[in-house]
Amino acid sequence: MAKKIKKKKNETYFISDEVKEALEESIPVVALESTIISHGMPFPQNVEVALEVEDIIRREGAIPATIAILSGVPCIGLSKDEINTLGKKGQDVVKVSRRDMGVVIARKLDGATTVSSTMICAAMAGIDVFVTGGIGGVHTDVHLSHDISADLREFSRTPVLAVSAGIKSILDIARSAEYLETEGICVLGYGTDEFPAFYTRESGVNIHERVDSVEEIAEIFKAQKIIFPDQGMIVTNPIPIKDQIPQDEINDNIKHALYDCQENGINGKAVTPFLLKRMVELSEGKSLIANIALVKNNALLGAQIAAALLDS
Ligand code: PSU
Ligand code: MN
């Protein structure tokens with residue numbers, strides 16, 4: 001996976017010609033993460049979904065920029081082969097959040113970027129909009145583990161707007177919402193008054209602010225950028241009604257997965273991939289189908305927001 005290296009402002013990264021041209025010509029660009037490929041879904045569905053998500057973005061007239069670290073080089077815009085390799089290697093690739101970036105770059109390793117590191121790379125390249133499935137959050141056993149995803153703090157440090165289906169319901173959504181409020185992070189609900197719960201549309205937790213159009217989202221992000229040029233924003237987009245998993249069913253699976261996680265002594269960055277994998281097993285594939293549907297739904301909205309940001 002050797003890559004051309006380009007230098008800009010003392011930072012070393014690679015940006016594909018297609019993404020570079022789109023940015024220069026004011027064509028909307030949407031950043032995509034790679035941990036969801038390597039650690040979030042099984043092969044080969046992970047690769048199929050990653051490529052389909054890119055297609056959805058293209059059909060909306062935007063350019064996708066899937067991000068990963070390859071041989072120690074942050075890469076913005078991957079080829080199909082590179083996406084395929086990341087998907088095949090799966091959990092053998094390093095899961096890279098903000099904390100891990102220096103190590104993986106210095107050691108010239110391959111790394112899949114999480115929400116935090118993808119946002120850092122997107123901002124470095126000048127990409128405003130990023131699409132993922134669900135962002136990390138405060139874990140349910142936070143009182144014991146102090147496990148709070150680095151994703152949350154990233155939004156108070158990095159000026160990227162992320163589209164997600166909310167905070168994964170394997171997490172503590174109410175506490176995650178409180179944490180985001182403390183960090184001063186704007187969380188918008190697209191067509192909803194509630195924090196979406198990833199596999200389901202409702203969580204019972206109030207969203208910070210409801211919006212009903214992409215134009216509103218673009219205006220709010222622009223207004224915020226003027227006062228806080230370094231701050232990100234979260235747009236939550238509920239899973240489509242037809243793709244939801246019934247609440248009781250998914251809650252049983254979540255309880256079971258959390259129990260297994262504790263029993264197996266899983267901690268640190270292994271927790272989220274373990275829970276997602278266990279959820280697929282316990283739900284007999286239903287959680288994966290829902291996860292795929294919501295990511296595609298987010299890709300559509302992300303491409304529309306990227307266009308609205310350029311129009312307004
Ligand atoms: N959303 C998904 N699947 C995933 C993730 C998010 O639908 O695999 C990944 C993202 O990369 C996110 C990470 O940043 O999980 C959170 O990991 P942690 O809880 O260790 O911070
Ligand atoms: Mn964690």
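Here the structure is a predicted model, which means the values were calculated and not measured. Counting from 1, the numbers follow the sequence of the chain as shown. Just follow the structure's listing: the first ligand is 1, and inside any ligand the first atom is 1.
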Among all protein heavy atoms, pick the one closest to [atom] and tell me residue, atom and distance.
atom	value
atom 21 (O) of ligand 1	S149 OG, 2.6 Å
atom 8 (O) of ligand 1	G40 CA, 3.3 Å
atom 20 (O) of ligand 1	K95 NZ, 2.7 Å
atom 12 (C) of ligand 1	D151 OD2, 3.3 Å
atom 4 (C) of ligand 1	L276 CD1, 3.7 Å
atom 19 (O) of ligand 1	T272 OG1, 2.6 Å
atom 5 (C) of ligand 1	K168 NZ, 3.5 Å
atom 1 (N) of ligand 1	G134 O, 2.8 Å

Is any side-chain heavy atom of [X] less than 4.5 Å from a side-chain heavy atom of [Y]?
X	Y	answer
I292	M41	yes
L275	L258	yes
R278	H256	yes

For the pair [X] and [Y], find out whether any cationic side-chain nitrogen is under 4.0 Å from an anionic carboxylate oxygen.
X	Y	result
D100	K95	no
E194	R201	no
E18	R58	yes

message = So, regarding V115 and ligand 1 (criterion: nitrogen or oxygen to nitrogen or oxygen, under 3.5 Å), is there a contact or not?
response = yes
query = Going by distance only, is there an N or O of H39 that falls short of 3.5 Å from an N or O of ligand 1?
reply = no
query = Distance-only, no hydrogens or angles: does the S26 side chain make a donor-acceptor pair with backbone N or O of A22 under 3.5 Å?
reply = no
key: Check: V138 main-chain N/O paired with S176 side-chain donor or acceptor under 3.5 Å   = yes
task = Taking the Mn ion (ligand 2) as the centre, count the protein N/O/S atoms lying under 2.8 Å from it.
result = 1
key: Single hit among L161, I234, V160 for side chain to side chain contact (heavy atoms under 4.5 Å, CB included) with F155   = I234
inquiry  = Using heavy atoms and a 4.0 Å limit, tell me yes or no: is M41 in contact with ligand 1?
reply    = no
ask   = Of all the heavy atoms in S97, does at least one lie under 4.0 Å from an atom in ligand 1?
value = no
